[in-house]
Amino acid sequence: MFTKWCRAFPGLPDQVAEARHFVAALLQEWGRADDGVLVVGELAANAVRHTLSGRAGGWFLVVVGFGTGFVRIEVIDQGGGGVPAMRDVTSLEEGGRGLALVAACAKDWGTKTLPKGSSVWADLVREGA
């Protein structure tokens, strides 16, 4: 059974740092705070940069769910015409490596298309579990 915490953020670039602080505070006692901060930072930045969440009046939602031996970090955005996908990390482009970083930290990750947006989530296993 999950214990969930969630918080909505305005879809502004400076709110990505606020999302990181939110997750860091929740994971401080649990462990894996550094990985959790990295994951939510990448997912929130993608929401602001690549979806309608980054437009005027936009928002994104961060959900942190604690299960037995793992935590799920999820970012829900307002959609924007594309499905999040990992890119080839060997390309010379400056961006496009965020989901590869998420995948490297997480036991599992995925996406869901929602009626008015999308969700990207990552599961982190508790240290020593």
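In what follows, residues are counted from 1 in the order of the sequence shown.
- A 4.5 Å side-chain heavy-atom check between V62 and W5 finds every atom pair outside the cut-off.
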Output a table of donor-acceptor pairs, distance under 3.5 Å, between side-chain atoms of residues 30-38 and any protein atom two or more places apart or on a different chain; print 'none' if there are none.
| residue | atom | partner | partner atom | Å |
| --- | --- | --- | --- | --- |
| R32 | NE | D35 | OD2 | 2.8 |
| R32 | NH1 | V125 | O | 2.8 |
| R32 | NH2 | D35 | OD2 | 2.8 |
| R32 | NH2 | C105 | O | 2.8 |

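- Contacts classified as salt bridge (Lys or Arg N to Asp or Glu O under 4.0 Å) and involving residues 104-116 (residues at least two apart or in different chains) are given here: E74-K112.
- Between G11 and V48, the shortest heavy-atom distance links the atoms O-CG1, 3.8 Å.
- Residues W109 and L43 fail the side-chain proximity criterion, which asks for heavy atoms closer than 4.5 Å.
- When all heavy atoms are compared, the tightest approach of A47 to V75 is CB-CG1, 4.0 Å.
- A 4.5 Å side-chain heavy-atom check between V64 and V23 finds at least one atom pair inside the cut-off.
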Quiz item: Checking side-chain contact (heavy atoms from CB on, under 4.5 Å) for the pair L26/F66: CA distance, chi angles, key distance, verdict?
Solution: CA-CA 10 Å; L26 290 172; F66 292 92; 4.2 Å; yes
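- Within the hydrophobic cluster formed by Ile, Leu, Val, Met, Phe, Trp and Tyr side chains joined at under 4.5 Å, directly or through other members, L114 is accompanied by W59, L61, V63, I76.
- By the 4.5 Å heavy-atom criterion applied to side chains, I73 and W121 are not counted as neighbours.
- With sequence neighbours excluded, no residue satisfies salt bridge (charged side-chain N to carboxylate O under 4.0 Å, His left out) with R20.
- Annotation: the span from R72 atom CZ to D123 atom CG amounts to 4.0 Å, rounded to 0.5 Å.
- Qualifying side-chain contact (heavy atoms from CB on, under 4.5 Å) partners for R49, counting only residues two or more places apart in sequence or in other chains: A45, N46.
- Judged by distance alone, the side chain of S53 and the main-chain N or O of Q78 form a donor-acceptor pair under 3.5 Å.
- F9 is linked by a ring-ring contact (aromatic ring centres under 6.0 Å, His included) to F60, counting only residues two or more places apart in sequence or in another chain.
- Open room surrounds CZ on R55; 12 or fewer heavy atoms of other groups in view lie less than 6.0 Å from it.
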